[in-house]
Amino acid sequence: MARQNIAEQFVDILARAGVRRLYGVVGDSLNPVVDAVRRHPAMDWVHVRHEESAAFAAGAEAQITGRLAACAGSCGPGNLHLINGLYDAHRSMAPVLALASHIPSSEIGLSYFQETHPDQLFRECSHYSEMISSPKQMPRLLQTAIQHAVGQGGVGVVTLPGDVADQPAPERAMEHALVTSRPTVRPGDAEIERLAAMIDEADKVTLFCGSGTAGAHAEVMRFAEKIKSPVGHALRGKEFIQYDNPFDVGMSGMLGYGAAYEATHECDLLILLGTDFPYNAFLPDDVRIAQVDVRPERLGRRSQLDLAVWGDVRETLRCLTPQVSPKTNRRFLDRMLKKHAEALEGVIKAYTRKVDRHVPLHPEYVASLVDELAAQDAVFTVDTGMCNVWAARYLTPNGRRRIIGSFSHGSMANALPQAIGAQFTDRSRQVVSLSGDGGFSMLMGDFLTLVQYDLPVKVVLFNNSSLSMVELEMLVAGLPSYGTANKNPDFAAVARACGAHGVRVEKPKHLAGALKEAFAHPGPALVDVVTDPNALSIPPKIKAEMVTGFALSASKMVLDGGVGRMAQMARSNLRNVPRP
């Protein structure tokens with residue numbers, strides 16, 4: 001039996017770690033690895049049209065499955081294209097292994113054609129980035145990169161020169177059992193006791209939740225019930241904590257709504273659960289704050305803490321809840337629930353007023369119909385920009401749906417390639433990409449990837465012919481909009497020319513039918529919806545502090561378009577408020 005070469009050994013180890021596909025674009029320095037994938041029974045090569053899409057797709061797959069995913073780029077420009085998607089995966093804590101192939105090892109450092117130094121370039125967006133310069137480093141170096149990606153949650157990068165990949169693997173290569181899942185982390189008894197004492201001493205406690213509450217919904221609800229606490233969330237916490245939540249007071253941040261801001265500022269004790277919420281202007285500086293997080297480097301970097309608790313949210317609450325004394329006074333909770341309902345009622349009128357007859361279409365109406373018609377276990381991928389607003393306000397979580405976006409890195413053009421990775425995990429599950437015309441056109445080439453693999457992704461394109469979030473930032477800063485207009489084609493015609501289902505919608509009466517038809521289509525589909533570019537009402541007075549990046553005062557802006565079904569949920573929660 002012929003000995004394996006390094007490329008074959010590399011692919012074997014990835015397969016043993018649970019990787020089932022390698023996203024990338026072929027190139028000469030990658031040829032040995034691609035050929036090894038071709039011959040491996042448990043691995044597929046996914047040929048995308050841009051390496052940035054490969055990294056986004058791998059990151060989305062990892063977020064959906066919770067398992068390691070992988071992508072690859074050829075030497076120089078090829079692997080450089082990975083970097084934006086890898087930044088997103090890393091900041092989303094998605095376990096991704098990236099292969100950056102390299103120029104011939106004998107030419108490194110001599111300004112050879114396409115030479116870069118990928119082992120250095122990727123260090124800022126990875127937990128581990130090293131180069132294999134000798135066959136004897138395999139497989140230990142790859143295994144180390146995998147364990148960094150899985151164990152710490154993020155990216156591990158391996159740089160591999162093409163000539164080394166083609167060399168024979170050592171006969172006695174050292175291999176060991178791979179870490180493919182993360183453990184639970186329990187805080188120490190002292191921290192649990194201190195946090196329990198702080199809660200018992202406080203009259204008004206608020207919980208503010210992020211993506212670290214994934215898998216801990218039941219524990220958060222039991223805890224909130226015991227201490228009579230309002231529960232707010234950040235955008236990344238929405239899908240994990242908003243549903244079946246009688247304590248919900250909405251979302252804080254620049255896209256916030258409801259009473260989350262008031263609940264976090266009017267309490268005696270604020271407990272941050274699994275959130276690295278970056279906008280410290282929205283956090284109070286005059287209440288006691290405790291933070292629970294599985295990543296210790298995140299503790300206290302956004303606000304001054306009275307107690308830092310190192311542990312994952314579910315295990316922490318399992319230990320903490322039995323130790324706190326039950327609270328009986330609901331006055332603070334009920335007052336916040338009432339404020340939340342009133343706040344939502346105050347903005348819902350704009351959504352209900354002639355929205356089904358407005359031309360161009362209100363994007364809020366589009367998002368509301370998508371939410372209504374999409375499957376109950378749909379995966380939504382969401383472009384950065386105004387699509388984030390519509391997702392935050394109109395997509396209804398239920399514990400089965402997933403909402404993925406570039407919520408920490410904030411990259412344009414993420415939704416389409418993330419939909420590719422999400423759909424590859426399960427072809428029978430509905431995947432809907434909420435794309436803006438700016439983001440979609442940036443990586444539009446990978447719509448061809450949907451067609452090539454017959455991936456049944458449904459692209460709902462919010463087409464307002466502008467970079468509307470950037471335009472809004474300019475207006476808030478008191479600047480005239482400039483450089484934000486897009487001259488777009490008929491995207492539905494483009495989709496049909498590519499071999500997919502495509503329909504253009506310009507009138508509200510045609511929208512529901514177009515969405516139903518696209519969602520029922522067995523292959524890839526695109527609905528090009530011409531939407532109103534003036535979907536946001538700008539405040540009548542521009543304040544100097546309303547600068548790009550949204551200072552606290554910018555959150556006072558009225559987002560014209562309501563909040564979808566969240567007002568209904570708030571009304572339902574109010575039914576549980578005791579009446580005098």
> Is it true that H90 and H409 have ring centroids separated by less than 6.0 Å?
Replying inline: no
> Between Y243 and H217, does the ring centre distance come in under 6.0 Å?
Replying inline: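 Judged by ring-centre distance (under 6.0 Å), Y243 and H217 do meet the cut-off.
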Look only at the side chain of [X] and the backbone of [Y], and say whether a donor-acceptor pair between them is shorter than 3.5 Å.
X	Y	value
W310	V294	yes
D306	I289	yes
N398	Q376	yes
Q430	A375	yes
S92	A94	no
K327	A202	yes
K238	L395	yes
E239	I403	yes
N414	T384	yes
H340	M336	no

> Yes or no on salt bridge (Lys or Arg N to Asp or Glu O under 4.0 Å) for D371 and R401, after CA distance, side-chain angles and deciding distance?
Replying inline: CA-CA 11 Å; D371 180 61; R401 287 176 163 181; 2.7 Å; yes
> Got a sec, which residues hit salt bridge (charged side-chain N to carboxylate O under 4.0 Å, His left out) with E219, two or more places apart in sequence or on another chain?
Replying inline: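 Once residues adjacent in sequence are excluded, the partners of E219 under the salt bridge (charged side-chain N to carboxylate O under 4.0 Å, His left out) criterion are R222, R318.
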> Who passes salt bridge (charged side-chain N to carboxylate O under 4.0 Å, His left out) against R186, sequence neighbours left out?
Replying inline: D189
> Given N84 and S411, is the side chain to side chain donor-acceptor pair (under 3.5 Å) satisfied, shown in steps?
Replying inline: CA-CA 8 Å; N84 192 49; S411 173; 2.7 Å; yes
What residues, two or more places apart in sequence or in another chain, satisfy side-chain contact (heavy atoms from CB on, under 4.5 Å) together with [X]?
X	answer
S126	S129, V155, V157
C387	V382, D383, F462
Q323	I192, E193, A196

Between [X] and [Y], what is the shortest heavy-atom contact and its length?
X	Y	value
A60	A422	CB-N, 4.2 Å
M251	L235	SD-CA, 3.5 Å
Q152	M93	O-CE, 4.3 Å

Pairwise side-chain contact, [X] with [Y], heavy-atom cut-off 4.5 Å (strictly under):
X	Y	answer
L269	I199	yes
E124	Y87	yes
K204	N329	no
F332	V205	no
F56	I420	no
W390	L434	no
V287	H265	no
S435	L461	yes

>> Angle between ring planes, F282 versus Y261, binned at 30° and 60°: parallel, tilted or perpendicular?
In response: perpendicular
>> Using the ring-ring contact (aromatic ring centres under 6.0 Å, His included) criterion, which residues pair with F277? Sequence neighbours excluded.
In response: F208, Y279
> Looking just at side-chain N and O atoms, do E471 and T484 make a donor-acceptor pair shorter than 3.5 Å?
Replying inline: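 A pair is found: one side chain offers a donor N or O, the other an acceptor, under 3.5 Å apart.
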>> Check this for me: does any side-chain nitrogen of one of D276 and R236 sit under 4.0 Å from a carboxylate oxygen of the other?
In response: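 Salt bridge absent between D276 and R236.
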